[in-house]
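The sequence lines fix the lettering, A, B, ..., with proteins before strands; numbering per chain opens at 1. Predicted model only: the values in this text are computed from it and were never measured.
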Protein chains: 2
Amino acid sequence: MNTRHIPDATVGRLPVYLRVLLELAASGNATVSSEQLAELSGVNAAKVRKDLSHLGSYGTRGVGYDVDYLRYEISAALGLADDAAIVIVGLGNLGRALANHAGFRERGFKVAAVYDVDPAKVGTSMDGVPVRHLDDLGASDSPVASIGLIAVPADSAQEVANRMVAAGITAILNFAPVVLTVPDGVAVRKVDLTLELQVLNFYQQRHRGGSPVVTESA
Amino acid sequence: MNTRHIPDATVGRLPVYLRVLLELAASGNATVSSEQLAELSGVNAAKVRKDLSHLGSYGTRGVGYDVDYLRYEISAALGLADDAAIVIVGLGNLGRALANHAGFRERGFKVAAVYDVDPAKVGTSMDGVPVRHLDDLGASDSPVASIGLIAVPADSAQEVANRMVAAGITAILNFAPVVLTVPDGVAVRKVDLTLELQVLNFYQQRHRGGSPVVTESA
DNA sequence: TAGATTGTTAATCGATTAACAATC
DNA sequence: TAGATTGTTAATCGATTAACAATC
């Protein structure tokens, strides 16, 4: 039973299950057991069953889960019904890569607009989407989107976030290495590439048998 | 007391503290309280103190933490002593952005080599680093690195991971939307851009007062 | 000393997982 | 029916946080 509250940890895994289910469907599998889904998703089978139970999604005992039905359920839970529009601010190396990222469109996300402040970039187009000036974000003739990607330098990220919020964006994916402050009701996630490398560096040195460095006093 | 085991959650926050401390140092702050560090890092003050206690790093009661000393301690704990070398495989939109990412070098990570299989790319250079053929990964005249970044399509990511492991790489940052299998002792982290958007989409719809979609049976 | 702030305790909370009754 | 596999329970584990004694 359930459906009320979906734990954060579960929400973070649903997209993984969804991707695996798409692959299973593509290769002609009609049903999948929690054991198989777990193996393909890199998690524990009990965790898969627990996660899915939060959706109120039930499989069939002795059989498993219907691949297509589960796909539908997870998509619905994530709210992936229609194409969600995203906007990207900042067209440096990373912003350009994001604007041209094929994976977004393939999974139902559409780049509705891209913004920068560089006069040399404004007026050109990225993958068919015209580059607008940041000042146009939220302008009446500007595309409406619910998700904004911040790919500007750290020192202007908060200002961009403020403008996004003012423009009605309620979810932000921040690539700038800075902590953003936003009003309640605005969801923020971050992708911090340097942080990832630093964390990897930690686990890597550990596995090498090296001690965690800082020596203890006592 | 401590230093033995550093919890995963703490490891993930140390880079954030480090970044904030660098900013504090740059703006001339000699000491910082857990309250200030927490505020700037977007976390709870008790969590900051608990995290730092795992390093065996002690501040001064009534005063706070010495900014420079804490920077040193966190860097040491993360093993960020000398420049760590990274290699990047895959020079599509994302791979090129990573190869040119200024943030890596600024934080002590050096792009030692980049690889692709496209003959049109092999032999050119990215930001001063020559583009090699993937077959050269692990070759005797190839730069040695401990961290590898995978920026190839999903269907070749596992093969690239295998080659990285064979070449002695012990930490992998995977940008391909696929679950990698690697031997024990190899650390893997992933950056899944589409997953981030899907998770944001979930929290965004929730905050709009919309119900979590899938209706309950009972 | 008085004020400030740490390091640690202990309570709480959320996530994970093995185990198994339910049931297809 | 026998075999398979779910959904759920309950135990365990790890992370968070408030509270406060220790102490600068």
Side-chain angles (χ1 to χ4, degrees), chain A residues 1-14 16-17 21 24 29-67 69-70 73-74 77 199 202-203 206 214 216-218, chain B residues 1-14 16-17 21 24 29-67 69-70 73-74 77 199 202-203 206 214 216-218:
Chain A
M1 78 190 69
N2 234 305
T3 290
R4 251 28 341 223
H5 182 70
I6 303 182
D8 291 347
T10 296
V11 173
R13 284 186 295 266
L14 292 180
V16 178
Y17 301 149
L21 289 168
L24 285 169
N29 298 69
T31 61
V32 64
S33 69
S34 61
E35 194 66 59
Q36 294 172 303
L37 186 48
E39 166 75 19
L40 294 167
S41 303
V43 305
N44 179 293
K47 195 184 279 184
V48 167
R49 292 199 295 277
K50 188 118 238 247
D51 282 343
L52 297 183
S53 77
H54 288 298
L55 304 187
S57 126
Y58 295 150
T60 307
R61 289 166 205 242
V63 178
Y65 299 87
D66 183 274
V67 170
Y69 182 47
L70 199 49
E73 282 188 302
I74 294 178
V199 170
F202 173 84
Y203 286 109
R206 277 224 140 186
V214 183
E216 188 168 15
S217 37
Chain B
M1 74 190 70
N2 235 305
T3 290
R4 264 348 29 196
H5 182 71
I6 302 183
D8 291 347
T10 297
V11 173
R13 284 186 294 265
L14 291 181
V16 177
Y17 300 150
L21 289 167
L24 285 169
N29 298 68
T31 60
V32 64
S33 69
S34 60
E35 193 67 57
Q36 293 172 303
L37 186 48
E39 165 76 18
L40 294 167
S41 303
V43 304
N44 178 294
K47 193 183 282 184
V48 167
R49 293 198 297 275
K50 187 117 237 239
D51 283 342
L52 297 183
S53 77
H54 289 297
L55 303 188
S57 123
Y58 295 151
T60 307
R61 291 169 205 241
V63 178
Y65 299 87
D66 183 276
V67 171
Y69 182 48
L70 198 50
E73 281 187 301
I74 295 178
V199 170
F202 173 84
Y203 286 108
R206 276 225 140 187
V214 182
E216 189 167 14
S217 36

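When rounded to the nearest whole Å, the span between CD of A:Q36 and C1' of D:dT5 equals 11 Å. Per the geometry, NE2 belonging to A:H54 stands 11 Å off C1' belonging to D:dG7, to the nearest Å. Rounded to a whole Å, the CG atom of A:L52 is 16 Å from the P atom of D:dT5. The nearest whole Å value for the distance from the CG atom in A:D8 to the P atom in C:dT16 is 11 Å. Between the CG atom of A:L37 and the P atom of D:dT5 there is a distance of 14 Å, rounded to whole Å. Across the protein-nucleic acid pair, A:E73 atom CD and D:dT6 atom P stand 14 Å apart, rounded to whole Å. Distance A:Y58 OH to D:dT5 C1': 16 Å, rounded to the nearest Å. Atom OH of B:Y65 and atom P of C:dT5 are 12 Å apart (whole Å).
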Dot-bracket for DNA chain C, please. Rules: Watson-Crick or G-U, both distances under 3.5 Å, ( ) within the strand, [ ] when a pair crosses earlier ones, | for another strand, . otherwise. ..||||||||||||||||||||||

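Interatomic distance, CG of B:L70 versus OH of B:Y65, reported as 7.5 Å (0.5 Å rounding).
Judged as a side-chain contact (heavy atoms from CB on, under 4.5 Å), and not counting sequence neighbours, the contacts of B:K47 are B:R13, B:V43, B:N44, B:D51. Applying the side chain to side chain donor-acceptor pair (under 3.5 Å) test to B:S34 and every residue at least two apart in sequence or in another chain returns B:R49. Taking the side-chain contact (heavy atoms from CB on, under 4.5 Å) definition, one finds that B:E35 meets it with B:S33, B:A45, sequence neighbours left out. Partners of A:L24 by side-chain contact (heavy atoms from CB on, under 4.5 Å), not counting sequence neighbours, listed by chain and number: A:V20, A:L21, A:N29, A:V32, A:L40, A:V67.
Taking 4.0 angstrom as the limit, B:S34 places a side-chain polar atom (N or O) nearer than this to OP1 or OP2 of C:dT6.
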Base contacts versus sugar-phosphate-only contacts with protein, heavy atoms under 4.0 Å: please encode nucleotides 17-24 of chain C as B, S and - from 5' to 3'. BBBB-BBB

